[in-house]
Amino acid sequence: MSSPPTAVADPLDFLQEELTSLVRRGLYRSLREQAGEPAGSVAIGGRKVILLCSNNYLGLATHPWVKEAAKQAIDTYGAGSGASRLVSGNSELYQELEERLARLKGTEAAIVFASGYAANVGTISALVGRRDAVYCDRLNHASIYDACLLSRADIKRYPHGDTASLERLLRNSPIRGKRLIVSDGVFSMDGDIAPLMELVRLAEEYSAILMVDDAHGTGVLGDNGAGTVAHCGLEGRVPVQMGTLSKALGGLGGFVAGSQTLVNYLVNKARPLIYSTALPPPVLASCVAALNVLEQEPQLQNKLAENAVFLRQGLFGLGFCVLNSQTPIIPVVIGDPHLTMQASEALLEEGVFVQGIRPPTVPEGKARLRVTVMATHKREELSRALEAFGRVGRRLGLIR
Ligand SMILES: *Cc1c(COP(=O)(O)O)cnc(C)c1O
């Protein structure tokens with residue numbers, strides 16, 4: 001009988017080593033518990049603080065119609081869906097939700113996935129493969145990059161928003177298989193809007209498929225929150241429009257809107273849709289209700305835009321390095337990750353919850369406070385938040 005080897009290194013030792021390295025570089029992440037609803041204020045550590053880092057832009061996650069719809073759906077359909085949509089999880093609520101999303105986006109059809117992440121992974125890996133090429137804005141969301149890797153297509157990155165570079169890539173790369181251009185509509189960490197007009201032109205000129213990820217534009221931009229494509233007046237010219245139900249719509253899920261053929265194709269080919277369980281009925285019902293609110297309370301969108309202008313101008317006026325954006329995403333760039341987290345902690349002590357965003361979510365040297373505003377914030381809350389920013393900014397030497 002052979003004896004077990006003695007004193008071998010634990011093969012999981014690298015876990016603690018990597019975590020220690022993250023702490024040293026100021027990049028360690030941990031989960032912070034939050035109590036109560038994601039409304040204008042939340043409770044953290046038993047204290048009420050102003051919430052300035054939620055993507056629940058319109059406050060729909062806590063809207064009474066939305067909450068009521070979820071409760072009723074549980075009574076009617078139960079709490080869970082029990083299987084993948086292609087097996088036995090395809091609740092009739094999906095059809096209503098998909099019809100409504102297609103109407104919102106002005107497309108023939110739409111298909112709902114379990115999350116925006118799953119929608120990107122499923123769609124991109126179904127559209128392109130080994131011999132194809134994907135053209136990606138450098139600041140596209142991580143889920144797009146993961147999707148591209150999974151697809152095994154050749155990934156060609158172009159500098160953020162630089163359509164001249166994109167055109168050079170398109171002109172100079174040999175055409176073998178299909179070409180897909182994919183871009184965030186509103187960039188998640190910078191809040192700026194993609195140069196969609198140019199992307200449409202290039203896609204048409206070079207026979208590329210164009211896909212826009214409108215996670216942050218849906219519900220926020222365009223008439224009735226139709227999104228970035230409508231905001232840019234490009235209805236009918238972006239064949240693959242992805243979006244999420246988990247941000248301005250306050251629920252959970254991702255979707256793709258486009259032609260009926262595209263939807264039929266994804267039902268057959270998108271693996272996250274085929275091999276993962278359907279969304280729970282209360283989630284589907286609450287998303288339908290959120291779309292009702294979107295149609296019937298357009299003033300929420302206006303309030304959101306007003307609040308964004310107020311907070312952006314306030315932060316700019318204090319002297320912070322605020323990136324220029326036209327959305328509720330207001331990035332305050334600090335640069336150093338340690339200092340960014342120090343600012344986030346100091347703001348929390350002052351009663352304002354803003355999350356620090358560090359590499360690899362944003363490029364090296366571009367750590368920032370990603371401030372997001374909501375339609376439900378009261379002016380008085382935003383003024384108090386600005387005062388706190390002023391005190392913390394001066395104390396840490398970020399502003400004078
Ligand atoms: C949040 C986000 C996603 C993922 O959506 P989820 O519904 O949260 O999974 C995809 N793309 C972008 C640009 C995002 O900001």
Side-chain angles (χ1 to χ4, degrees), residues 31 38 53-58 60-61 97-98 101 104-105 110-125 127 134 136-151 157 160-161 180-196 199 210-221 225 227-229 231 238 240-257 270-273 276-280 283-284 286-287 290-291 323 325 327-331 355 357 360-363 368 370-374:
L31 299 164
C53 50
S54 173
N55 298 320
N56 173 28
Y57 300 119
L58 298 170
L60 298 189
L97 179 57
E98 288 170 346
L101 288 167
L104 177 72
K105 293 287 175 177
I111 178 88
V112 169
F113 291 76
S115 68
Y117 190 103
N120 275 336
V121 166
T123 303
I124 293 173
S125 65
L127 288 176
V134 193
C136 247
D137 188 293
R138 226 175 253 284
L139 294 191
N140 275 350
H141 192 256
S143 58
I144 295 178
Y145 276 105
D146 291 358
C148 293
L149 285 175
L150 190 66
S151 78
R157 295 169 198 240
H160 179 50
L180 172 68
I181 300 173
V182 53
S183 175
D184 284 18
V186 170
F187 287 87
S188 55
M189 296 299 134
D190 284 40
D192 56 337
I193 298 173
L196 280 194
L199 294 181
L210 179 59
M211 171 168 172
V212 171
D213 171 343
D214 213 17
H216 294 278
T218 304
V220 172
L221 296 176
T228 313
V229 172
H231 172 80
V238 178
V240 188
Q241 296 193 54
M242 174 272 176
T244 160
L245 303 163
S246 53
K247 286 166 183 165
L249 293 170
L252 177 67
F255 66 91
V256 170
R271 294 168 65 89
L273 190 99
S276 191
T277 299
L279 284 168
V283 169
L284 300 169
S286 69
C287 291
L291 289 168
L323 295 187
S325 65
T327 61
I329 302 168
I330 309 168
Q355 197 54 264
I357 307 284
T361 308
V362 292
R368 69 196 60 186
R370 177 179 179 271
V371 180
T372 53
V373 78
M374 293 163 61

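Every number for a ligand or one of its atoms is a count from 1 in the order of the listing.
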Enquirer: Asp184 heavy atoms, cut-off 4.0 Å: which ligand 1 atoms fall inside?
Expert: 13 (C)
Enquirer: Hey, are Ser183 and Asp137 close enough side-chain-wise for a donor-acceptor pair under 3.5 Å?
Expert: no
Enquirer: Measure the distances from the heavy atoms of Ser143 to every atom of ligand 1 and state whether one is below 4.0 angstrom.
Expert: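 Contact check Ser143 vs ligand 1: positive.
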Enquirer: Can you tell me if Asn120 uses its side chain to pair, donor with acceptor, with the backbone of Ala147 under 3.5 Å?
Expert: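 No; judged by distance alone, with no hydrogens or angles, the pair does not exist.
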Enquirer: For Ser115, counting its heavy atoms only, list the atoms of ligand 1 lying under 4.0 Å from any of them.
Expert: 7 (O), 9 (O)
Enquirer: In terms of atom number and element, which parts of ligand 1 are under 4.0 angstrom from non-hydrogen atoms of Ala215?
Expert: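 Per the distance check, 2 (C), 11 (N), 12 (C), 13 (C), 14 (C), 15 (O).
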Enquirer: Check ligand 1 against His216 and write out every atom of the ligand that is under 4.0 Å from a heavy-atom position of the residue.
Expert: 14 (C), 15 (O)
Enquirer: Taking atom CZ of Arg138 as the centre, report whether more than 12 heavy atoms of other residues, nucleotides or ligands fall under 6.0 Å from it.
Expert: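 Yes, CZ of Arg138 has more than 12 neighbouring heavy atoms, counting only those of other groups under 6.0 Å.
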Enquirer: What is the nearest protein non-hydrogen atom to atom 9 (O) of ligand 1, stated with its residue, atom name and distance?
Expert: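 Its nearest protein heavy-atom neighbour is Tyr117 N, 2.9 Å.
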Enquirer: Check Leu252 against ligand 1 and report side chain, backbone, both or neither, counting heavy atoms closer than 4.0 Å.
Expert: neither
Enquirer: Of all the heavy-atom pairs spanning Ser54 and Met374, show the shortest one and how long it is.
Expert: CB-SD, 4.1 Å
Enquirer: List ligand 1 atoms under 4.0 Å from Thr244, heavy atoms only on the residue side.
Expert: 7 (O)
Enquirer: Return yes if some donor-acceptor pair links the side-chain N/O of Asp184 with the main-chain N/O of Asp213 below 3.5 Å, else return no.
Expert: no
Enquirer: For Gly253, is there any backbone N or O sitting under 3.5 Å from a side-chain donor or acceptor partner on Thr244?
Expert: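 It does hold such a pair.
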Enquirer: Identify, for atom 8 (O) of ligand 1, the protein heavy atom at the shortest distance, and state residue, atom and that distance.
Expert: Ser246 OG, 3.4 Å
Enquirer: Counting each atom of ligand 1 from 1 as listed, which ones have a heavy atom of Ser188 under 4.0 Å away?
Expert: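 In order of number, 15 (O).
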Enquirer: In the structure I gave you, are the side-chain heavy atoms of Met189 and Leu139 within less than 4.5 Å of one another anywhere?
Expert: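 When only atoms from C-beta onward are counted, Leu139 and Met189 do not touch, as no gap falls below 4.5 Å.
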Enquirer: Between His160 and Asp190, is any side-chain donor less than 3.5 angstrom from a side-chain acceptor?
Expert: no
Enquirer: Taking 4.0 angstrom as the limit and counting only heavy atoms of Asn120, give me the atoms of ligand 1 inside it, by number and element.
Expert: 10 (C), 11 (N)
Enquirer: Please could you name the atoms of ligand 1 that Gly116 approaches to less than 4.0 Å, counting only its heavy atoms?
Expert: 4 (C), 5 (O), 6 (P), 7 (O), 9 (O)
Enquirer: Provide, to 0.1 Å, the distance between atom 11 (N) of ligand 1 and the closest protein heavy atom, together with that atom's residue and name.
Expert: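 Minimum-distance protein heavy atom for atom 11 (N) of ligand 1 reads Asp213 OD2, 2.5 Å.
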Enquirer: Answer yes or no: is there a donor N or O on one side and an acceptor on the other, between the side chain of Ser286 and the main chain of Val283, under 3.5 Å?
Expert: yes
Enquirer: Got an N/O contact under 3.5 Å between Val186 and ligand 1?
Expert: no
Enquirer: Heavy-atom distance under 4.5 Å between the side chains of Leu150 and Asp146, does that happen here?
Expert: no
Enquirer: Geometry only, no angles: is Lys247 polar-contacting ligand 1 at N/O separations under 3.5 Å?
Expert: yes
